[in-house]
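Written out below as structure tokens is the structure these notes cover.
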Amino acid sequence: MPKPIINIQSPYTAQDFRDFLADPVTRGTCWKLTPHPTSILTAAIAATSHTRDLVLPGHGSLVFRRAGGIVPTAVDTEAGQESAGLALKAIFHDDYITPEQLDEGDWDGAQLQILTINYANLDLGQMIEFEGPLGGFTEEGPVFQAEARPVTSIARFKVGRRASANCDVREFGDPIRCQRDLTDLTHTEIEVTTGNSQDTFRASALPAALVRTMLNGKVIFTSGLNTGRIRIVRTWNAGNGEITLQRALPHLVQVGDEFTAVEGCGRTKADCIAYDNVENFQGLSFITNIERFNQIIRSQ
């Protein structure tokens, strides 16, 4: 199947681009990386092998910068299958990708697109050489490498459900399976009163505002150096409002930083009853753990 050609400008056609490829003296390569919709990042980044910056038809005002420090390998193939993917090697750059962004997973699942162009006639459009999500990041000093898989790789994923006595919804408040409206459990403009740590802080106003508990809940920072960062709560002290996060933030939490707090759920049937949502409990209550099983055996 021929590779798709996109963003052709009149009066050219896809055949014009294919004719150009027969003698590609002015052939060039461009790379575009678009963050996943759930990422804190919103802007795509782009680079080109050409000696000057380019703005390509169909990509708005996005500038494909020269050099860019991004080098993709050749696309691997598998017998009887489409592309197995490629590896992308790049140098950390504050205007592109930083170590903090990789550590935070900001580029996980980002969509990589590799395009062939005629840099002498950009109106011919672009031929898509590769398109798919990034993952599997590894760091080696100032350089990092990532794996990219084609869009069709999603069809190979195994889809299933792990049997558990506890609720297995991906996230508390999930609109499809949990369906619990979190409006009354979401508290905004909460201010940090004791900070100077990357994973532990206090907010004195929080205990009085809560309906139930912050345990297993999440905090979303809305000001300060950690703006936009989301963390799950590992421990919570109802007496002094101290929160400990499951994973440290990239920057110290400072007094005066504000965050939104979303209360948590222990994923048990008792929690579902307490939240008046037991009809959406997704656990398999008849499943027992090994300790309970041994107790039953011993009692017989």
Side-chain angles (χ1 to χ4, degrees), residues 3-4 6-7 28-50 53-78 81-117 126-159 170-171 218 220-221 226-232 247 249-251:
K3 295 177 180 177
I6 60 173
N7 301 321
T29 303
C30 291
W31 307 273
K32 180 180 179 181
L33 195 58
T34 305
H36 192 273
T38 60
S39 172
I40 189 176
L41 304 175
T42 56
I45 59 174
T48 178
S49 63
H50 190 41
D53 294 349
L54 300 174
V55 177
L56 304 184
H59 298 273
S61 59
L62 179 66
V63 177
F64 288 74
R65 301 185 185 183
R66 59 183 177 177
I70 301 176
V71 182
T73 66
V75 179
D76 299 325
T77 58
E78 294 178 345
Q81 300 282 349
E82 294 190 32
S83 164
L86 54 77
L88 183 75
K89 186 171 286 188
I91 300 171
F92 285 118
H93 193 295
D94 286 344
D95 291 334
Y96 285 96
I97 300 175
T98 66
E100 177 186 318
Q101 290 171 346
L102 282 199
D103 291 342
E104 290 295 312
D106 294 341
W107 289 104
D108 289 354
Q111 195 77 1
L112 172 67
Q113 198 174 54
I114 299 179
L115 308 167
T116 292
I117 62 165
Q126 309 111 39
M127 182 171 70
I128 300 177
E129 298 284 1
F130 177 89
E131 190 169 22
L134 279 188
F137 289 92
T138 56
E139 297 181 33
E140 299 175 7
V143 177
F144 72 89
Q145 184 166 307
E147 297 175 357
R149 291 287 171 180
V151 175
T152 53
S153 64
I154 193 171
R156 306 177 199 173
F157 291 166
K158 292 183 179 179
V159 179
R170 184 176 180 85
E171 186 174 3
K218 64 182 178 182
I220 305 142
F221 281 85
N226 294 301
T227 297
R229 300 298 178 193
I230 301 174
R231 288 295 187 271
I232 302 300
R247 187 163 65 94
L249 289 155
H251 305 284

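Side chains included, hydrogens not; waters and symmetry mates left out as well; all remaining heavy atoms used.
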Should [X] and [Y] count as side-chain neighbours, where that means a heavy-atom distance under 4.5 Å?
X: N226; Y: P250; result: yes
X: L56; Y: N7; result: no
X: Q113; Y: T34; result: no
X: Q126; Y: C30; result: no

Indicate the atoms forming the closest heavy-atom contact of [X] with [Y], along with that distance.
X: W107; Y: A43; answer: CH2-O, 4.2 Å
X: P35; Y: A110; answer: CA-CB, 4.1 Å
X: F64; Y: A46; answer: CD2-CB, 3.4 Å
X: G109; Y: H36; answer: O-CD2, 3.7 Å
X: A146; Y: L134; answer: CB-CD2, 4.1 Å
X: D103; Y: R247; answer: O-NH1, 3.6 Å

Atom pair [atom1]/[atom2] of [X] and [Y] - distance to nearest 0.5 Å:
X: I40; Y: T38; atom1: CD1; atom2: OG1; value: 11.0 Å
X: L102; Y: I97; atom1: CG; atom2: CD1; value: 6.0 Å
X: I220; Y: T227; atom1: CD1; atom2: OG1; value: 12.0 Å
X: L33; Y: Q111; atom1: CG; atom2: CD; value: 9.0 Å

Just one of H59, E131, M127 clears the side-chain contact (heavy atoms from CB on, under 4.5 Å) bar with L115, so which one? H59
Mind checking salt bridge (charged side-chain N to carboxylate O under 4.0 Å, His left out) for D106 and listing every partner two or more places apart, or none if nothing turns up? R229
Side-chain (S49) to main-chain (T29) donor-acceptor, under 3.5 angstrom: yes
Ionic contact status for E104 with R231, cut-off 4.0 Å: yes
Residues in ring-ring contact (aromatic ring centres under 6.0 Å, His included) with F221, at least two apart? F201, F259
